> 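One structure, as structure tokens, below. Some questions next.
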Amino acid sequence: MALDKAQIEQELQQALSQISAAVNLESLKQVKIEYVGDKSPLAKANQLLASLEPAQRAEFGKLIGGARATVNEAFEAKSNELSLQRDLIALQEEKVDVTLPARTALKGGLHPLTSLINEISDLFIGIGYNIAEGPELESEWLNFDALNIPADHPARSMQDTFFVEPLEAKLVLRTHTSPVQIRTMLNQKPPIYVICPGKTYRADELDATHTPVFHQVEGLVIDTNITMADLNGTLDYFAKSIFGDDVKTRLRPSFFPFTEPSAEVDIFFNGRWIEWGGCGMVNQKVLIACGVDIEKYSGFAFGMGLERTLMVKYGITDMHDIVEGDVRFTQRFGLGIK
Ligand code: PHE
């Protein structure tokens, strides 16, 4: 191929027009391969310089060199322009509107039982009580014997109690929160004002009204001059705080080995009497076993099921709703999943 000025000029114009026609960096890259790089017509023309006479070589060298420099400059300018354009588009497309409301992350909410325990704890702390705790895996002695529940008492039978192996260790899953009464009296001197909310276990099948793992709240007061009237007033305060001021309470004679006298506490709620829990004056046998001076002190105790309290308060008819942990149940209590 011979060198020709018009031809070189044409290649130059062609390269410039291709560069200026590139719409983005990808098409510019293609243009670079064809019109700027080592395989471009101008680069090939440059290779032919070697075969020319010195005089011609100088003339064409200048011409081709100038053309290639022009192309390179145009390419650089276009490349800068398109890079800038790409960045501007990216900025536009990836723009974040910081004024938009945030999408809330689902964090879960408190189970209504937890809220109830918090509520009960607050209202008793408000009248000077402390919260007492005890283990769920309890000694048979504290769960039964110390509470005056003898070895042949039906509550101890295999059907009701989860005994824990090895049986010689005499450990059970506590069947009520009453062993915490004993623990408290053994560890603290009167006056004692405590409540103990916690998990309890009985070998029941899960059905609409039973669950093998449930919750109780125990109350225990030991002080001078404590009478049934104090128990009555305390239960009244408790019931009104939970069920509203219109609720009425009544005590019905009953029997528990660890209280004497004993009573069932009923509440009048939504037009009917409903059994709520057990209570009574702490049996003197129990006080003596715990080293409490019965000449000086007396006390009362009460215990309620919390699932039952929740069911009565909110008209829940199926225990499954309480134990299954479906958030749609929890949400109904206004404990939004936030
Ligand atoms: N512990 C009893 C129960 O589980 C309830 C109760 C507690 C009764 C305290 C009297 C006093 O049934």
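Since the structure is predicted, the reported quantities are computational estimates derived from the model, not experimental observations. Both counts, for ligands and for their atoms, begin at 1 and track the order of listing. Just so it is clear, the values below take in all heavy atoms, side chains as well, and ignore hydrogens, waters and symmetry mates.
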> Under 4.0 Å from any heavy atom of C279, which atoms of ligand 1 are there?
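The list of qualifying atoms is 8 (C), 10 (C), 11 (C).
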
> Would you say Q181 has any N or O atom under 3.5 Å from an N or O of ligand 1, going by distance alone?
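Between Q181 and ligand 1 (N or O atoms, distance only) the closest approach is not under 3.5 Å.
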
> In a check of salt bridge (charged side-chain N to carboxylate O under 4.0 Å, His left out) between R183 and each of E138, E218, E133, which one passes?
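Among the candidates, only E138 passes.
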
> Does any N or O atom in T259 lie less than 3.5 angstrom from one in ligand 1, N or O only?
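No - when backbone and side-chain N and O of T259 are compared with those of ligand 1, no distance drops under 3.5 Å.
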
> Report the part of F258 (side chain from C-beta onward, or backbone N, CA, C, O) that has a heavy atom under 4.0 Å from ligand 1; answer both or neither where that applies.
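The answer is the side chain of F258.
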
> Can you spot which of Q14, Q30, E11 makes a side chain to side chain donor-acceptor pair (under 3.5 Å) with Y35?
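Running side chain to side chain donor-acceptor pair (under 3.5 Å) over Q14, Q30, E11 with Y35 returns exactly one hit, Q14.
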
> Do NZ/NE/NH1/NH2 and the carboxylate oxygens of R156 and D145 come within less than 4.0 Å?
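Salt bridge flag = yes for D145 with R156.
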
> Measure the shortest side-chain to side-chain distance between V31 and K78 over non-hydrogen atoms and say whether it is less than 4.5 angstrom.
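With C-beta onward as the side chain, the pair stays apart.
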
> Show the atoms of ligand 1 that are less than 4.0 angstrom away from any heavy atom in G303.
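Those atoms are 6 (C), 7 (C), 9 (C).
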
> Please could you name the atoms of ligand 1 that E218 approaches to less than 4.0 Å, counting only its heavy atoms?
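Counting from 1, the qualifying ligand atoms are 7 (C), 9 (C).
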
> Out of R202, M304, M281, who gets a non-hydrogen atom closest to atom 12 (O) of ligand 1?
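Shortest heavy-atom distance from atom 12 (O) of ligand 1: R202.
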
> Considering the heavy atoms of S178, write down every atom of ligand 1 situated less than 4.0 Å from one of them.
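Result: 1 (N), 7 (C).
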
> Of L220, I222, D230, which meets side chain to side chain contact (heavy atoms under 4.5 Å, CB included) against F300?
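Exactly one pass, corresponding to D230.
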
> Using a plain distance cutoff, I'd like to know if Q216 has any nitrogen or oxygen under 3.5 Å from a nitrogen or oxygen of ligand 1.
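The answer is yes, given that Q216 and ligand 1 share an N or O pair closer than 3.5 Å.
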
> Does this structure show an ion pair linking K5 with E59, if we count only N-O contacts that are shorter than 4.0 Å?
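Here K5 pairs with E59 in a salt bridge, since their nearest N and O are under 4.0 Å apart.
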
> Do side-chain atoms of D38 reach the backbone of A43 as a donor and acceptor pair under 3.5 angstrom?
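Absent.
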
